[in-house]
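Since the structure is predicted, the reported quantities are computational estimates derived from the model, not experimental observations. Whatever order the structure lists ligands and atoms in, that order sets their numbers, starting from 1.
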Amino acid sequence: MLEDNYRHRGLRKKLVNLLKTKGITDDLVLQAIGKVPRHLFFENAFLEHAYQDKAFPIGEGQTISQPYTVAFQTEKLEITKGLKVLEIGTGSGYQACILLELGAKVFTIEYNKVLYERTKAFLPKMGYKPYFFLGDGSKGLPSKAPFDRILVTAGAPVIPDALIEQLAEGGILVIPVGNKSKQTMVRIRKKNGILSKDEFDYFSFVPLLGDQGWNP
Ligand code: SAM
């Protein structure tokens with residue numbers, strides 16, 4: 001049963017307060033974290049982990065990202081209602097739910113078939129309906145491009161050219177770039193056809209696989 005009770009809501013409130021102390025300031029992002037029932041992404045035996053600020057295994061050698069990381073990337077994306085967003089690395093679907101709570105139209109692509117099938121079946125049960133795709137997101141999603149925002153939730157060795165090409169005018173790409181154990185969070189803006197780049201803190205993501213990613 002998909003239960004979300006006062007105890008879960010209380011734990012979420014605590015998590016939101018913790019994220020504030022860690023430097024997340026965007027109220028809409030914090031509200032979205034406060035709304036999405038993260039415990040529903042965990043099996044019963046691991047419920048106590050759901051509202052800790054930690055990444056957690058979701059099977060297939062993959063993880064549900066740490067709430068701070070989700071909040072950080074989402075904040076850097078500057079989401080407003082109605083924007084068309086491509087998420088690369090659907091994983092559990094938690095990040096997609098946060099983007100949907102912010103009013104984005106979400107296209108999410110996953111490389112791993114088991115996770116794709118599982119998340120595509122589960123998210124609508126919670127009332128979240130992004131568009132799901134199975135494939136190599138290191139090549140973007142050319143059939144649905146351009147995108148106002150592109151979010152990569154796996155660590156990339158380079159910024160794939162395809163993602164820059166598929167970014168709309170005025171668009172923002174957020175992508176962790178580096179080696180397999182440590183990446184810098186990079187934000188690319190496209191304004192009047194000109195690209196600008198900001199670099200933020202280090203993070204540690206599972207590797208982006210595929211054509212423009214790491215070899216499996
Ligand atoms: N956003 C996810 C969430 O909210 O749970 C967390 C993503 S997890 C850290 C990274 C995901 O990227 C994994 O599910 C992995 O299978 C996926 N992935 C890796 N390479 C990919 C690629 N080339 N295209 C699409 N997904 C990829």
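- Using a 4.0 Å cut-off between charged side-chain N and carboxylate O, Glu199 and Lys197 make a salt bridge.
- Residue Tyr111 holds the heavy atom nearest to atom 27 (C) of ligand 1 of all those in Phe133, Tyr111, Trp214, Phe205.
- Regarding atom 24 (N) of ligand 1, its nearest protein heavy-atom neighbour is Gly137 N, 2.8 Å.
- Checking Thr63, Val36, Leu115, Asp136 against atom 8 (S) of ligand 1, the nearest heavy atom belongs to Thr63.
- Which of Gly155, Ala154, Ser92 comes nearest to atom 5 (O) of ligand 1 through a heavy atom is settled by distance: it is Ser92.
- Residues Glu110 and Thr90 have side chains that never bring a donor and an acceptor to within less than 3.5 angstrom of each other.
- For atom 13 (C) of ligand 1, the closest heavy atom belonging to the protein is Gln62 OE1, 3.2 Å.
- Here Glu165 does not pair with Lys139 in a salt bridge; the nearest charged N to carboxylate O distance is not below 4.0 Å.
- Counting only non-hydrogen atoms, the option in Pro207, Gly213, Gly89 that gets closest to atom 19 (C) of ligand 1 is Pro207.
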(request) Kindly determine whether Thr108 and Gln95 satisfy side chain to side chain donor-acceptor pair (under 3.5 Å), including the steps that lead there. (result) CA-CA 10 Å; Thr108 182; Gln95 170 76 71; over 6 Å; no
(request) For Tyr51 and Arg12, run side chain to side chain donor-acceptor pair (under 3.5 Å): C-alpha distance rounded to whole Å, both residues' side-chain angles, the deciding distance at 0.1 Å, then the answer. (result) CA-CA 6 Å; Tyr51 293 109; Arg12 275 208 295 286; 2.9 Å; yes
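- Counting protein heavy atoms only, atom 4 (O) of ligand 1 is closest to Gln95 N, 2.9 Å.
- Residue Thr108 places every heavy atom at 4.0 Å or more from ligand 1.
- Looking at atom 23 (N) of ligand 1, its nearest protein heavy atom turns out to be Leu209 O, 2.7 Å.
- Among all non-hydrogen protein atoms, the one lying nearest atom 7 (C) of ligand 1 is Thr153 OG1, 3.3 Å.
- Nearest to atom 14 (O) of ligand 1 among the protein's heavy atoms is Glu110 OE1, 2.8 Å.
- Under 4.0 Å from ligand 1, not a single heavy atom of Ile58 appears.
- Ligand 1 lies less than 4.0 angstrom from a heavy atom belonging to Glu87.
- At distances below 3.5 Å, at least one donor-acceptor pair connects side-chain atoms of Thr21 with backbone N or O atoms of Leu18.
- At least one heavy atom of Gly135 sits less than 4.0 Å from an atom of ligand 1.
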